[in-house]
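Single-structure report; data block below.
Every chain is numbered from 1 and lettered A, B, ... according to where its sequence line falls, protein lines coming before strand lines. Note: hydrogens, waters and symmetry copies are ignored here, and every other heavy atom, side chains too, is used.
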4 protein chains.
Amino acid sequence: MARVRKGDDKRDRIMSAAITAFAQNGYHQATMAAVAREAGVAAGTIYLYFKSKDDLLISIFEEKVQRFINEFHSQLVQEESAEIKLRKLVELHLLEMQKRPDLAAVFQLELRQSRHFMSAYPKADLKGYFDLIGGIIEEGQQQGLFRKDLYVSAIKRAFFGAMDETVTSWLLAGKNYDLTQMADPLSDLFIRGFRE
Amino acid sequence: MARVRKGDDKRDRIMSAAITAFAQNGYHQATMAAVAREAGVAAGTIYLYFKSKDDLLISIFEEKVQRFINEFHSQLVQEESAEIKLRKLVELHLLEMQKRPDLAAVFQLELRQSRHFMSAYPKADLKGYFDLIGGIIEEGQQQGLFRKDLYVSAIKRAFFGAMDETVTSWLLAGKNYDLTQMADPLSDLFIRGFRE
Amino acid sequence: MARVRKGDDKRDRIMSAAITAFAQNGYHQATMAAVAREAGVAAGTIYLYFKSKDDLLISIFEEKVQRFINEFHSQLVQEESAEIKLRKLVELHLLEMQKRPDLAAVFQLELRQSRHFMSAYPKADLKGYFDLIGGIIEEGQQQGLFRKDLYVSAIKRAFFGAMDETVTSWLLAGKNYDLTQMADPLSDLFIRGFRE
Amino acid sequence: MARVRKGDDKRDRIMSAAITAFAQNGYHQATMAAVAREAGVAAGTIYLYFKSKDDLLISIFEEKVQRFINEFHSQLVQEESAEIKLRKLVELHLLEMQKRPDLAAVFQLELRQSRHFMSAYPKADLKGYFDLIGGIIEEGQQQGLFRKDLYVSAIKRAFFGAMDETVTSWLLAGKNYDLTQMADPLSDLFIRGFRE
DNA sequence: CATGAATGAGCGTTCATTCAT
DNA sequence: CATGAATGAACGCTCATTCAT
C-alpha cells in the first residue's frame, strides 16, 4: 500500500545510475561496475534487482516509457480538440526530453539498437506510445478535423519519427539550443498535413 | 580495363560481409571472425583494408551514405517540380532500403548509436542527406509551392525522421509487407504540410 | 594478528608464479594464462592486483630489488671494515641468486631488456643498489683502505657488472656448480684493485 | 674471389636494418615489416637470406661478435705486454661500442635475453670473446705480470661483465658522455687486481 | 631472385556474472 | 539483503611467415 519498500529506493538508484552511465557512452561501453559505483552499491547488488544488464536496460524502457504514456495521457485527456492534444503532446515530448537529457540520450541513442534485440521483449517497445498518437489522430478524424483517408497506422509512426529525430539532432548538436522551440513548427507541419 | 582490381574486390567483399554481420545482431555482437568468415578471408586480412572494427563501420557509412546521396541527387536533378522531387526521394529511399534490408538494418539500428561516437567522424554523418532534403524544400519555396515560413533546418530533420522510423518499423515487423506502399501516404502528408 | 591476509597471499602467489614463468622462457614468451595457471588463479584475477603484464614485471623489480637492498644493507651495517663489507656483499649477492635461481634468471635475463623500457619507471632501476656499492667503496676510502683516486661512480657499476656476469654465466651453464665459490676470487680481485 | 656478390649487399642491408630496428625498441617490439622497410626490401625477401627472425638476430651476433674478436685480435697481436694488451682491449671495446651505438644497444640489451634462448645456438655465445680475454690474462701470468693464483675462467667473465655494464650504463644514461674516458679507470682497476 | 598480399595462430585484456561470507 | 573478490569465456588485433606471381 502506502508503505515504501526499502528496496525500491535502491532499485531506483540503480536505474538512475544506469541511465546516467548508459547515456554517457552508450549501453555497451557502460560497465556494470560503473553503474554500481554511481548507484553507491556493490556490483553484486544489482543482480538482486535485475536479472542481467539487458534486463536493466529493458526495465528502464518498460517503466519510463510507460510512465511517459501515463503522464501524457492524463495531461491530454482534459483537452477536447484533437488538434490541441497533438500540439500538447509534441510540447510535452520535447519538454520531457529537454528536462532529462540523460534519459533522452538513452532513448534516442540506444533505442533502435535495443529495439532490435528487444524483439523478444514486446513490452519494451513503443506500441503504447504509437497507440496514444494513433488514438488522437483517429479522434481528430471523428471530430471532422483530419482527413478520413489518413493511413493512421503508418502516419503515427512517421509522427513519432519526426519528433524522435528532432530530439536526436538536438542531442547530437550538444543541446545548445532550446528544444521546445521546435514544437510549433513540428505541430504546424503535421496538423496541416492531417487536415481536410 | 574491364579487369576488376583484386584488392577492390576483396575490400568490397569485406564491407558486404560486415553489413550482413552487423545487421544480424548489431555492431557490438558481431565479431571480426564472423565478418572474415562471411567474406571468405582470414581475420587478419580485414586489417589490410580497415584500421579497426570501428573504421569498418565508419567506412560503410561514409561510402554508402555518400553513394545514396549521389544516386538520389542524380535521379532527382532531372525533375522540375519540388513536389515531384520530394515524392521521388521518398520512393527511392524506401525502395533502396527494401532492396537492401541488411544495409537498412545497419543504418537504422546502428546509426544512432554510431552517430554518437561518430561525433569525431564528421564525414560519416547525415548532413549531406539533410541538405539534399533541405535543398528541395527551399526549391519548393522559390517555386511558390511551399510556405515561406517553414523552419527548413528543423523540418528537413523531421522529414528524414519520418522516413527513418517508417523503415525501422518495417524492419522490426519482420519485413512482412511492401515498404514502398508507405511512400504515397508519407509524401501526401508532408506535401500538404508544406503547402501554402 | 598472525592471520595471513588473503589478498596478500594471492598477490604473492601471482608474483611468484610470474617469476617462475618469466624465468622459464623470458618475459615475452611467457603468457598471462601460464602465470595464472601457475598461481592457481583465473586469468582475470591477475588484473585485480596488477594493471598489466608490464606492471607485473616492474612490480617484481621494484619490490624484490628493494628488498635485496634492504636486506643486504641491514646485514652489512654491523660490519666495520669496508673490505669485509664488500666481501660480504658479494657473498650475499651470489648466495641469494643461488637460492632463488628463478628470480635470478628474471633479473639477469630480463633486467637489461627491461631497464630499456623502464627508463620511464625510475624506481625499477638499480640506482639504489649501485649506491649501496658506491657507499661502501667511499667508506673504504675514508678508512684509508682504498685509493682516493678511484672513479667511484664508474667503478661501482663495473663491480656490479662483474657480479652480474658471474651469475649469468652460472645460469647459462645450467647452474651446474656452486655459485658461491666465485665469491672469494671476485672479492680478492676487486679489493686488490681498490687498495692503495 | 674479389667479385662482390650482389646478394651480399642486400644481406648486409637487412642486417644493418635489423640492428637499427632491434636497437630502437628491442627485439620483440621490432617487426619484420619494419626491418624490411628500413632495408628497402620486401618482407618476404628477408626470408631468402635468413631462416627466421631469430636466425636474423643470431646471425648478427655470430658475425658481428666474430668480427670483433678478429679485429681485436689482429690489433692486439702486435703488442708484447699483456698489460698493454688488456688496456688496448678495453679501449677498443668501448671505442667500438661508442662508434656504433645501435649495435651496442643490441648487444647489451638483447644479449642476455638472447643468450637465454641461444643455449641451442652455441656459436652465438661469447665464448670466443671470453677466450680472447682469458688468453691475455694467461699470457700475463706467463710473463710474470699477473698472479698465478687467478681463477682465470671466472675472472675473464668478471672482466667482461665490468666492461659490459659500463657500456649499458652509458646507453641507459642516453649516451651523454664520452664512453672511452672509462677505459683507464677500468684498466687500472683490473690490472692492479691482477698483479702480483 | 624479389615481391607483398594473405594467412591464422596466438595473446593481453575486459567485464558480466556468481557465490562464499 | 548486501558485498566485492574471483571467475573465465570471449574478442580485437598483431605479426612472423608463406607462396603465387
Distance-only donor-acceptor hits, side chain of residues 29-40 of chain B, under 3.5 Å, sequence neighbours excluded:
{"from": "B:Gln29", "atom 1": "NE2", "to": "A:His28", "atom 2": "NE2", "distance (Å)": "2.9"}
{"from": "B:Thr31", "atom 1": "OG1", "to": "B:Ala34", "atom 2": "N", "distance (Å)": "3.0"}

Taking side chain as C-beta onward, heavy atoms only, is B:Lys10 less than 4.5 Å from B:Leu48? no
OP1, OP2 of F:dA5 versus side-chain N and O of C:Tyr49: anything below 4.0 Å? no
Smallest separation among heavy atoms of C:Ile14 and C:Thr45, with atom names: CD1-O, 4.4 Å
Starting at atom CD1 of D:Ile14, determine the distance to atom P of E:dC1, rounded to an integer number of angstrom. 12 Å
With no hydrogens and no angle check, is any side-chain donor or acceptor of A:Tyr27 less than 3.5 Å from a backbone partner on A:Val106? no
To the nearest Å, how far apart are C:Leu48 CG and E:dT13 P? 14 Å
How many whole angstroms separate atom CD1 of C:Ile46 from atom P of E:dT13? 10 Å
Length of the CG-P vector between C:Asp9 and F:dA5, whole Å: 15 Å
Can you list everything that forms a ring-ring contact (aromatic ring centres under 6.0 Å, His included) with A:Phe68? Sequence neighbours excluded, please. A:Phe72, A:Phe107
E:dC1 and F:dT21, which share atom name P, separated by this distance in whole Å: 23 Å
Toss me the dot-bracket line for DNA chain E: Watson-Crick and G-U wobble, both under 3.5 Å, 5' to 3', using | for pairs to another strand and [ ] for crossers. .||||||||||||||||||||
Within a strict 4.5 Å, meaning less than it, do heavy atoms of the D:Glu63 and D:Gln66 side chains meet? no
Phosphate OP1/OP2 of F:dA6 contacted by C:Lys10 side-chain N/O (<4.0 Å): yes
Taking CG from C:Asp55 and P from E:dG12, how many angstroms apart are they, rounded to a whole number? 14 Å
Which residues pass the side-chain hydrogen bond (donor to acceptor under 3.5 Å, both in side chains) test with C:Arg13, sequence neighbours left out? C:Asp9
On DNA chain F, more 5' by nearest nucleotide between C:Val41 and B:Thr45 is C:Val41
Across all chains, not counting sequence neighbours, the ring-ring contact (aromatic ring centres under 6.0 Å, His included) partners of A:Phe50 are none
Using a cutoff of under 3.5 Å, can you pull out all pairs of nitrogen or oxygen atoms linking the protein to nucleotides 10-14 of chain F, with atom names and distances?
{"from": "F:dG12", "atom 1": "OP1", "to": "B:Ala30", "atom 2": "O", "distance (Å)": "3.3"}
{"from": "F:dG12", "atom 1": "OP1", "to": "B:Lys53", "atom 2": "NZ", "distance (Å)": "3.0"}
{"from": "F:dG12", "atom 1": "OP2", "to": "B:Met32", "atom 2": "N", "distance (Å)": "2.9"}
{"from": "F:dC13", "atom 1": "OP2", "to": "B:Tyr47", "atom 2": "OH", "distance (Å)": "2.8"}
{"from": "F:dC13", "atom 1": "OP2", "to": "B:Lys53", "atom 2": "N", "distance (Å)": "3.0"}

Is there a side-chain contact between D:Arg100 and D:Ile19 in this structure, where contact means two heavy atoms from C-beta onward sitting under 4.5 Å apart? no
Atom CZ of A:Phe22 and atom P of E:dC15 are separated, to the nearest Å, by 13 Å
